[in-house]
There are 2 protein chains.
Amino acid sequence: MQVTSMKKTAPKANPAPPRRSICPVANTLDRVGDKWSLLLVRDMLAGKTTYGQFLESPEGIPTNILADRLKRLEQFGIIARSAYQERPVRYAYTLTTEGRQLQRVLGALADWGLENIAGTKKKLGPGSFVR
Amino acid sequence: MQVTSMKKTAPKANPAPPRRSICPVANTLDRVGDKWSLLLVRDMLAGKTTYGQFLESPEGIPTNILADRLKRLEQFGIIARSAYQERPVRYAYTLTTEGRQLQRVLGALADWGLENIAGTKKKLGPGSFVR
DNA sequence: TGCAAACACTTGTAATATGCAAGTGACTAG
DNA sequence: CTAGTCACTTGCATATTACAAGTGTTTGCA
């Protein structure tokens, strides 16, 4: 099939999603403002790196949501994917520098929950990200 | 009406929604982990109190979502509703002590956005909640 | 050589949430 | 009496989420 013009192949890869406002809070929420994204960041801060490890978390993220969120977070530059072995290829997901800076957000969310929601507990130990 | 046993009439009014885990982050996200709730908290920290004022924010929250979120946040004890005038009755929504403590979360989200998302700006002035 | 199992997903489908437009009721100003 | 405002509610189309099941690649083991 002959291509007579390149009209359809856009010069930009992504058409830049419309932003709700210039507010930094609104823009941050558009990236991680859902029920799952920040839990994945939490898990990565705690040292988890693989798809299987994320599935083990007690909240029980559905597999399709997990795949979607990993893709989104990677597109936003919050996490990076790298193969940690070939044959079979296995991927490790880790936080970028940007992603690691979300630690302050996670810490604030955790503090609020511990103070204001009965029955919440921080799991201390080597894997804990808090402070 | 005779009550032979109290098995069915629960001592609690609400059946307590199932929690995903005891993690303070997950529980906090179950209350405010969506695209709109924290923007309303932001607006209230900035001094807004009425339904109409929330609608004016640049993000453009739909009216049904606004009504729903105000109800939810009130149920969670994050905001309180009070009539500031009778005839016609008009309501003011304000943060509770718990709600005001979300300021740390908002501050962290704003800081992250300002550092990592190009084009975001904090609107300084009398209404700014940052710090 | 065959077979079960693990990993990292993808697909299908139903339930739920969101976004948009329009409508409602109580009042108020002209 | 009419138009307009405020604070919502309702209907409906679309999008997102949750749950279950399936896929392809590879390894361990009999």
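Bear in mind the structure is a predicted one, so any value in this text is a computation, not a measurement. So you know, we letter chains A, B, ... as the sequences are listed, proteins then strands, and number each from 1.
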Cation-pi check, A:R81 onto A:Y91 ring (under 6.0 Å, within 45° of axis): yes
Below 4.0 Å: OP1/OP2 of C:dT18 and any side-chain N or O of A:R20: no
Residue-phosphate contact under 4.0 Å: A:K35 side-chain N/O, C:dA17 OP1/OP2: no
Sugar-phosphate, base or nothing in reach of A:F54, heavy atoms under 4.0 Å: nothing
Nucleotide-resolved protein contact map, nucleotides 22-30 of chain C, B/S/- at heavy-atom distance under 4.0 Å: B----SS--
Please report, rounded to the nearest Å, how far the [atom2] atom of [N] is from the [atom1] atom of [X].
X     : N      : atom1 : atom2 : result
A:Q85 : D:dT27 : CD    : P     : 8 Å
B:L29 : D:dT17 : CG    : C1'   : 16 Å
B:K48 : D:dA7  : NZ    : C1'   : 16 Å
B:I65 : D:dA7  : CD1   : P     : 19 Å
A:Y51 : D:dT25 : OH    : P     : 17 Å
B:E59 : C:dT18 : CD    : C1'   : 16 Å
B:L55 : C:dC20 : CG    : C1'   : 13 Å
B:Y91 : D:dC8  : OH    : P     : 7 Å

Short side-chain to backbone donor-acceptor contact, B:T120 and A:I22, under 3.5 Å: no
Side-chain (B:T96) to main-chain (B:G77) donor-acceptor, under 3.5 angstrom: yes
Partners meeting side-chain hydrogen bond (donor to acceptor under 3.5 Å, both in side chains) with A:R31 (sequence neighbours left out): none
Residue pairs fulfilling side chain to side chain donor-acceptor pair (under 3.5 Å) with at least one residue in residues 59-75 of chain B, sequence neighbours excluded: A:S21-B:E59, B:D34-B:R69, B:R42-B:E59
Side-chain ion pair, A:R19 and A:D30, N-O less than 4.0 Å: no
Selection residues 94-104 of chain B - residue pairs positive for salt bridge (charged side-chain N to carboxylate O under 4.0 Å, His left out), sequence neighbours left out: none
Options C:dA8, D:dC19, D:dG11, nucleotide nearest the side-chain atoms of A:N64: D:dC19
Of the listed nucleotides C:dA8, D:dC8, C:dG19, the one nearest the side chain of B:W36: C:dG19
Shortest non-hydrogen contact between B:F54 and B:I61, atoms and distance: O-CG2, 4.0 Å
Contact residues, residues 67-75 of chain A to DNA chain D [heavy atom, < 4.0 Å]: A:R69
Salt bridge (charged side-chain N to carboxylate O under 4.0 Å, His left out) against B:D43, all qualifying residues, sequence neighbours excluded: none
